[in-house]
Amino acid sequence: MNSWISKVVVAIAFTLAAPVLARADTWQIDPMHTSVEFTVRHMMISNIKGVFEKTSGTVTVEGSDPTSAKIDATIDATSIDTRVDKRDAHLKSPAFLDVDKFPTITFKSTKVEADGADKWKVTGDLTLHGVTKPVVLEVESSGKPIADPMGNTRAGASATTKIKRGDFGLLWNQALEGGGVMVGDEVAISIDVEAIKK
């Protein structure tokens with residue numbers, strides 16, 4: 001019914017631009033500690049939330065320049081979960097994500113710009129439902145990298161953005177008797193990323 005989104009993407013991986021902060025050449029998204037969530041309007045009166053449960057990707061940085069970060073992230077579109085099996089099946093169908101034809105959502109960064117203390121604007125190409133469009137993520141670092149009990153160096157960040165599903169060819173809807181539509185066009189995306197230094 002509602003979703004897919006995508007962010008980042010969500011597109012979603014841009015959030016790694018922050019944790020990298022020129023501290024390493026390569027960081028890898030930790031799928032077990034990363035979430036890509038989306039929110040969309042339902043019947044003009046409430047919000048429906050969902051998640052993509054499988055995200056992977058890397059960030060590479062040249063030298064000590066965080067604006068050189070290159071982010072490459074992939075979301076498994078089949079991992080969408082809105083806590084309602086029937087709705088999830090609809091979202092995976094050709095009416096929305098069409099996961100048999102487009103099983104992944106990808107994001108590739110094209111520019112990283114500083115936007116305040118520990119904040120960045122990350123521009124990149126989001127490919128969703130076979131359509132590629134530029135998006136901008138508002139990214140904020142979660143603090144300095146730390147060492148985990150296993151000896152790995154970890155960093156975290158969060159990111160937000162909004163997209164219009166219609167821009168990606170996700171056009172299904174249903175008119176309501178009293179006016180309005182079943183599913184909103186705007187999708188808000190929220191990403192929390194944890195990454196491991198390789």
Side-chain angles (χ1 to χ4, degrees), residues 2-21 27-42 46-59 61 66-67 69-77 79-83 91 96-97 104-129 131-145 154-168 170 183-195:
N2 62 293
S3 103
W4 42 268
I5 99 244
S6 58
K7 162 86 168 285
V8 358
V9 112
V10 259
I12 103 261
F14 336 156
T15 67
L16 289 179
V20 167
L21 273 186
W27 294 75
Q28 187 166 20
I29 292 174
D30 179 357
M32 294 185 66
H33 299 96
T34 295
S35 66
V36 178
E37 302 179 346
F38 61 88
T39 304
V40 67
R41 203 71 174 158
H42 176 240
S46 65
N47 292 321
I48 296 295
K49 297 180 182 292
V51 300
F52 289 95
E53 296 186 330
K54 296 180 181 179
T55 304
S56 60
T58 59
V59 176
V61 179
T67 63
K70 301 295 183 183
I71 302 158
D72 191 340
T74 299
I75 295 172
D76 183 348
S79 71
I80 192 169
D81 182 5
T82 65
R83 300 182 302 169
L91 292 172
F96 280 97
L97 292 174
T104 61
I105 299 165
T106 63
F107 175 83
K108 296 182 183 296
S109 66
T110 56
K111 181 168 61 174
V112 178
E113 301 172 284
D115 191 38
D118 295 328
K119 294 182 180 180
W120 292 264
K121 287 185 182 295
V122 181
T123 302
D125 293 326
L126 176 66
T127 300
L128 169 67
H129 194 240
V131 178
T132 301
K133 296 283 185 180
V135 299
V136 178
L137 289 186
E138 304 286 341
V139 180
E140 184 171 0
S141 171
S142 298
K144 294 182 179 180
R154 292 177 176 265
S158 59
T160 59
T161 192
K162 291 181 180 179
I163 61 173
K164 292 184 180 296
R165 63 187 182 92
D167 290 345
F168 295 88
L170 299 170
V183 184
D185 186 40
E186 184 176 86
V187 180
I189 300 166
S190 177
I191 304 165
D192 286 290
V193 170
E194 194 168 302

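Of the inter-residue distances, the one linking Glu140 atom CD with Asp192 atom CG reads 11.0 Å to the nearest 0.5 angstrom. With values rounded to the nearest 0.5 angstrom, Gln28 atom CD is found 10.5 Å from Thr34 atom OG1. Separation of atoms CG (Leu91) and CD1 (Ile48) is listed at 10.0 Å; rounding is to 0.5 Å. One finds the CD atom of Glu53 at 12.5 Å from the CD1 atom of Ile75 (value rounded to the nearest 0.5 Å). With rounding to the nearest 0.5 Å, the separation of CD1 in Ile80 from CD1 in Ile105 is 7.0 Å. Rounded to the nearest 0.5 angstrom, Ser46 OG and Arg41 CZ are separated by 6.5 Å.
Ala77 and Leu97 make their closest contact through O-CD1, 4.1 Å (heavy atoms, listed as atom of the first residue, atom of the second, distance). Taking all atoms of both residues into account, the shortest heavy-atom contact from Ala159 to Val139 is CB-CG2, 3.9 Å. Taking every heavy atom of both residues into account, Ser158 and Ser142 meet most closely at N-OG, 4.3 Å.
Under the side-chain contact (heavy atoms from CB on, under 4.5 Å) rule, Thr74 has a single partner from Thr106, Thr55, Ile29, which is Thr106.
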For this session: Take Phe38 and Thr82 through the side-chain contact (heavy atoms from CB on, under 4.5 Å) test and state the conclusion after the steps.
Result: CA-CA 10 Å; Phe38 61 88; Thr82 65; 3.9 Å; yes

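In this structure, Asp185 contributes its side chain and Gly166 its backbone to a donor-acceptor pair below 3.5 Å. With Ser79 contributing its side chain and Phe52 its backbone, the two residues share no donor-acceptor pair below 3.5 Å. The backbone N or O of Lys111 lies less than 3.5 Å from no partner atom in the side chain of Ser109, so there is not a single donor-acceptor pair. Looking only at distances, no side-chain donor or acceptor of Arg83 sits under 3.5 Å from a matching main-chain atom of Lys49.
Residues meeting the salt bridge (Lys or Arg N to Asp or Glu O under 4.0 Å) test with Lys133, sequence neighbours left out: none. Contacts of Asp30 classified as salt bridge (Lys or Arg N to Asp or Glu O under 4.0 Å), with partners at least two apart in sequence or in another chain: Arg154. For Thr67, the side chain to side chain donor-acceptor pair (under 3.5 Å) test picks out Asp65, with sequence neighbours left out.
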Under 3.5 Å, sequence neighbours excluded: what are the donor-acceptor pairs made by side chains of residues 121-128?
from   : atom 1 : to     : atom 2 : distance (Å)
Lys121 : NZ     : Glu138 : OE1    : 3.2
Lys121 : NZ     : Glu138 : OE2    : 2.6
Thr127 : OG1    : Thr132 : OG1    : 2.7

